[in-house]
Amino acid sequence: MGKILRTTKLTTLSEFLIVVIGIGGILGGIYFLSPGIKTAVSKQLNGIELNSSDVNNVTNAEKIAVPTKDLSTEVASKPLVRIAGYAWNATSGIIVANGGPKTTQGSLMEKNGVNLEIIRQDWLTELRNMQMKFIDEFDKGEAIPSSDKSAFGILIMGDGAPFYISSAQKSLDEKYGKDKYHLQVMGAIGMSYGEDKLIGPPNWKSDPKSMKGALISAVLGDGDWVTTVNYCFANGLKVNPDPSTYDPEAVNIYPSENDDYMKSAEELIKSQTTGWTVTLKEVNNGKLTGKTVNHKIDGCATWTPGDKTVFDKLSGFVDIVSTKEFNNQMPAVLIGVKEWATKNPEIVTNILKSALTASNQMKNYEDWKVRASEAVADTYKMETPEYWYKMFKGEQGTKGGLTYNMGGSKVFNYADGMQYFGMSDGVNRYKSVYNQVGSYLTELNPFGFNENVGKVVPYEEAVNLFFLKNINDIESTSADKADYSAQATEVMASGEWRINFASGSANVQGNSTKDLEKIYNLLIQAENSKLTIVGHTDNVGGDAANVPLSKNRAQAIVTYLKNKGIPESRFQLVDGKGAMDPVADNATEAGKAKNRRVVITFLK
């Protein structure tokens, strides 16, 4: 969930981008009028891993009285700390821990000595400006920056953190000198669990290949875009990385107006109800054809209330895939200023402790869920408590004979936080998410990421778990383990990976390690899925050799994934079909290469 590069104040990076856009405008006419000029080639990548365990622990705990709505006088004299963030239900735990936008009497923040203000801000650029203002005041000597335009921390989607942290780090290095200040993920307090989704016609779900040539409205670089890209790559579909062009052989992304997720929904509605189209330059294998295409918006990537808006206005659309399938993809993370946090570890630790404790109360007691919905409505100044209560759980609707899903979020208790970062069961789910999205940024290059930002800040520098580990007096429980004993029957995605093997051998060649790592990352992100792995060969040799060879190649991938920690019980079928199901002509070397493949199907 996020808005990328919505500029209202100029920074060094913003000025640089304006120069780039200006030059782009001059070159645009040449680019548009000159067929055959090389442009970005549509990419078919391997998607994020789908991990099999659902992070959703419930720790038995005595009931704590819900916070009042009266402002706290006990912490009023303490320094005021500000956190700003998006309006979404995954942050319910920290909001109810505070009693609302400001710390209230009887709240857990008050109990833990924290005077906190939570500010709704839906524009990523403004969130960035608030953190930059905080750093500026801190750099000038303010121990606790006090401007109402500054914020120590922000709450955004964790899959948006690679872009946010990396782009902000470039600006910080330019302004203050290299590595003087840093932004870091300091913990996760919740998770999108269905709320963020790709919406389209139902055939995209039954036949993902029918998405070829589709135009989808989305905020480039945000979590819903990631969900869409994941679905495409898991199903072997190419994604066109250039939003100014149209590739009929790929899935195309249209950047929503003002980088607004609600506009994503509105653009789909407008296109479907009025016939509104987008004019794009046609491209074939990375080359402009000289033709233009006027194309409708076929689907959108959005979140609540965008999804409800679409389903209220349109018939014939359903949720194709969401963060319920990619259940580890989108945590609600706290990103804070490292240098200030290091000087104030007790405050940061107690903010996390309060949020995780309140979340566990929500998991155990209904009146905490009700109070959370009231606090969320008060903080966001949007919709009613009843709306947020229903959307937290998620709702299902039916229209024109089609069933669709809306909403769906989770909050994290301490056991969830420890498990998500791999500190209780050894599987670092967030590291897989962070690294996979980082690869999308460099390979798909949205907004000229490689040219304008340069690189993704490494996970080890971008994530600081000291403050989470520093919580030592909170109730916990052992990590929940996924149960794969039941037969999975519904296909979530099915894609072909061309893993390279030595000729006539089941030994994976070194140049395929990166692809295998991406498959693993997809498995981590969709942790509730099971999978089938089926190997295929070209027609060189007979069935007596090819069938066992293809099965051995499938087993080689299983062995790699098991060595990475994926349990045996996740593999519902491992098989080989030799040369029986070719997808290309074996009469050519190119065709044979396409037939030497492994098909991986994710089941739920």
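Heavy-atom basis, side chains included; hydrogens, waters and symmetry copies ignored.
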>> Between K197 and D307, does any side-chain N to carboxylate O distance fall below 4.0 Å?
In response: yes
> Got a salt bridge between K564 and E517, using NZ or NE/NH1/NH2 to carboxylate O under 4.0 Å?
Replying inline: yes
> Can you list the residues that meet the ring-ring contact (aromatic ring centres under 6.0 Å, His included) rule with F311, with sequence neighbours excluded?
Replying inline: Y404
> Who passes side-chain contact (heavy atoms from CB on, under 4.5 Å) against L334, sequence neighbours left out?
Replying inline: I83, L155, L352
>> Looking at R120 and D122, is there a salt bridge between them, counting it only when a charged N and a carboxylate O are closer than 4.0 Å?
In response: yes
>> Just to verify, what does Y254 make a ring-ring contact (aromatic ring centres under 6.0 Å, His included) with, not counting sequence neighbours?
In response: none
> Residues in salt bridge (Lys or Arg N to Asp or Glu O under 4.0 Å) with K69, at least two apart?
Replying inline: E374
>> We want to know whether S264 and T302 form a side-chain donor-acceptor pair, criterion being a heavy-atom distance below 3.5 angstrom.
In response: no
> Would you call E460 and K431 a salt bridge, using N to O less than 4.0 angstrom?
Replying inline: yes
>> Suppose we screen for side-chain contact (heavy atoms from CB on, under 4.5 Å). Which residues come up paired with S354, at least two apart in sequence or across chains?
In response: A97, L108, M109, N112
> Can a salt bridge be assigned to the pair K263 and E266 using a cut-off of 4.0 Å between side-chain N and carboxylate O?
Replying inline: yes
> Quick one: side-chain contact (heavy atoms from CB on, under 4.5 Å) partners of A355, sequence neighbours excluded?
Replying inline: I94, I189
>> Whether D416 and K363 form a salt bridge (side-chain N of Lys/Arg under 4.0 Å from carboxylate O of Asp/Glu) is what I want to check.
In response: yes
> Thinking salt bridges, do K399 and D312 make one under a 4.0 Å N-O criterion?
Replying inline: no
